[in-house]
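One structure below.
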Amino acid sequence: MRFTSEQRLDNGVLVREFTLGEIPGTLWTPASAEPAPLILMAHNGGLHRRESRLVGRARQAASHGYAVAAIDAPGHGDRPRSADDDAARAEFRRAMRAGEPADELFEAFVGPLVAKTVPEWRTTLDALLELPGIGGSVGYSGWTAVGIRLAATDPRIRAAAFFAGGYVPRAQHEEARRVTVPLLLLLQWDDEGNPRGRALDLFDAFGSEEKTLHANVGGHAGTPWFEVDDGERFFARHLS
């Protein structure tokens, strides 16, 4: 892991950009000298790790004593996109605008992307846990399809908060039964791209004995900011 820049915020949080092989990422660490529990903050939908809502969530969590890391998945953010990636995203948008079924398009795209992204998160986690100032439990927040695979296969993940708005391949609904860590699932009740029935079925499939569903009215991008505070209380219960 090579750090390429750093910035100290007014509240003492240290923000560092890093590269790990081909993987670009950002690490936020609190001002405290005590080892901090770690939250992996993943995004999807072609977004950048510097997307404003992700950065806001990361800074707030770091100010409350967590280390937070985000990386750009293949084809996201600073990573190069292939012509096939761009064509697939253009077809998603066209189908959504036309009101056409898009599940098969997402199925063909998201499954292979998860298979490429999860090993990169594991590699990043290996490197992060070797750094001074990071220790204790690990949580995961964000991209559901990647989080299901990580939480089901990596015992270092101790709690997970997922956003139900991203497409989850059909095979992962069965894989969700292997997720047994404490779970918080955020659902936008009127999400135009994710029928609530499918999200409720996914919630039911998770094997966690402790799982909580927070549903709010509104569309895909309308998750209330107070859910960030609730998410931190969730992680405080399970990562402290």
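Numbering starts at 1 and runs along the sequence shown. Model, not experiment: these values are computed from the prediction. We use all heavy atoms of the structure for the numbers below, so side chains are in, but hydrogens, waters and symmetry mates are not.
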Let's go through His214 and Trp189 carefully: what are the C-alpha distance in whole Å and the side-chain angles of both, what is the deciding distance for ring-ring contact (aromatic ring centres under 6.0 Å, His included) to 0.1 Å, and is it a yes or a no?
CA-CA 10 Å; His214 284 189; Trp189 200 246; over 10 Å; no

Euclidean distance, [Y] [atom2] relative to [X] [atom1], rounded to 0.5 Å:
{"X": "His43", "Y": "Met41", "atom1": "NE2", "atom2": "CE", "answer": "11.0 Å"}
{"X": "Leu105", "Y": "Phe109", "atom1": "CG", "atom2": "CZ", "answer": "11.0 Å"}
{"X": "Leu131", "Y": "Leu27", "atom1": "CG", "atom2": "CG", "answer": "6.5 Å"}
{"X": "Thr144", "Y": "Gln172", "atom1": "OG1", "atom2": "CD", "answer": "9.5 Å"}
{"X": "Glu227", "Y": "Leu187", "atom1": "CD", "atom2": "CG", "answer": "10.5 Å"}
{"X": "Ile39", "Y": "Ile157", "atom1": "CD1", "atom2": "CD1", "answer": "11.0 Å"}

Once salt bridge (Lys or Arg N to Asp or Glu O under 4.0 Å) is applied, do any residues pair with Asp103, and if so which ones, sequence neighbours excluded?
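Listed in chain order: Arg198.
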
Does CD belonging to Glu100 count more than 12 external heavy atoms closer than 6.0 Å?
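More than 12 heavy atoms, drawn from other residues, nucleotides or ligands, come within 6.0 Å of this atom.
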
Is any side-chain heavy atom of [X] less than 4.5 Å from a side-chain heavy atom of [Y]?
{"X": "Arg16", "Y": "Thr29", "answer": "yes"}
{"X": "Phe206", "Y": "Val181", "answer": "no"}
{"X": "Thr153", "Y": "Arg122", "answer": "yes"}
{"X": "Glu6", "Y": "Val15", "answer": "no"}
{"X": "Asp126", "Y": "Met1", "answer": "no"}
{"X": "Glu120", "Y": "Pro74", "answer": "yes"}
{"X": "Leu213", "Y": "Leu186", "answer": "no"}
{"X": "Arg59", "Y": "Leu9", "answer": "yes"}

Distance-only check: which donor-acceptor pairs under 3.5 Å involve side-chain atoms of residues 162-171, not counting sequence neighbours?
from   : atom 1 : to     : atom 2 : distance (Å)
Tyr167 : OH     : Glu107 : OE1    : 2.3
Arg170 : NH1    : Glu104 : OE2    : 3.2
Arg170 : NH2    : Glu104 : OE1    : 3.4
Arg170 : NH2    : Glu104 : OE2    : 3.3

Quick one, Gln7 with Leu14, criterion side-chain contact (heavy atoms from CB on, under 4.5 Å). Give me CA distance, side-chain angles, the key distance, then yes/no.
CA-CA 6 Å; Gln7 177 188 10; Leu14 181 62; over 6 Å; no

Under a 3.5 Å distance rule, please check whether [X] uses its side chain to pair with a backbone N or O of [Y] as donor and acceptor.
{"X": "Ser63", "Y": "Gln60", "result": "yes"}
{"X": "Lys211", "Y": "Asp204", "result": "yes"}
{"X": "Ser32", "Y": "Glu34", "result": "yes"}
{"X": "Arg158", "Y": "Val138", "result": "no"}
{"X": "Tyr66", "Y": "Ala61", "result": "no"}

Does [X] share a hydrophobic cluster with [Y], counting links as ILVMFWY side-chain heavy atoms below 4.5 Å and allowing steps through other members?
{"X": "Leu202", "Y": "Leu184", "answer": "no"}
{"X": "Ile148", "Y": "Phe235", "answer": "no"}
{"X": "Tyr140", "Y": "Phe234", "answer": "no"}
{"X": "Val55", "Y": "Val68", "answer": "yes"}
{"X": "Ile23", "Y": "Leu38", "answer": "yes"}

Shortest non-hydrogen contact from [X] to [Y]?
{"X": "Ala67", "Y": "Ala36", "value": "N-CB, 3.8 Å"}
{"X": "Leu128", "Y": "Ile134", "value": "O-CD1, 3.7 Å"}
{"X": "Pro24", "Y": "Glu22", "value": "CD-O, 3.2 Å"}
{"X": "Val114", "Y": "Ala145", "value": "CG2-CB, 3.6 Å"}
{"X": "Gly65", "Y": "Pro37", "value": "O-CD, 3.8 Å"}
{"X": "Pro119", "Y": "Ala115", "value": "CD-O, 3.1 Å"}

Should the pair [X]-[Y] be classified as a salt bridge under the 4.0 Å nitrogen-to-oxygen rule?
{"X": "Asp78", "Y": "Arg49", "value": "yes"}
{"X": "Arg81", "Y": "Asp86", "value": "yes"}
{"X": "Arg50", "Y": "Glu17", "value": "yes"}

Check the pair Ser137 / His238 against side-chain contact (heavy atoms from CB on, under 4.5 Å), numbers first and verdict last.
CA-CA 8 Å; Ser137 300; His238 300 294; over 6 Å; no

Is there a donor in the side chain of Thr117 and an acceptor in the side chain of Arg149, or the other way round, less than 3.5 Å apart?
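Thr117 vs Arg149: no donor-acceptor pair found between side chains.
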
Can a donor-acceptor pair be found between the side chains of His220 and Gln188 at a distance below 3.5 Å?
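Distance-only check fails for His220 and Gln188.
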
Which residue pairs satisfy the ring-ring contact (aromatic ring centres under 6.0 Å, His included) criterion with at least one member in residues 11-41, sequence neighbours excluded?
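Sorted result for residues 11-41: empty, none.
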
Decide side-chain contact (heavy atoms from CB on, under 4.5 Å) for Ser141 and Leu40; before the verdict, give the C-alpha distance in whole Å, the side-chain angles of both, and the deciding distance to 0.1 Å.
CA-CA 6 Å; Ser141 175; Leu40 307 179; over 6 Å; no

I'd like to know whether Phe106 forms a side-chain contact (heavy atoms from CB on, under 4.5 Å) with Leu113, so could you lay out the CA-CA distance, the side-chain angles of the two residues, the decisive distance to 0.1 Å, and finally the verdict.
CA-CA 10 Å; Phe106 283 114; Leu113 181 58; over 6 Å; no

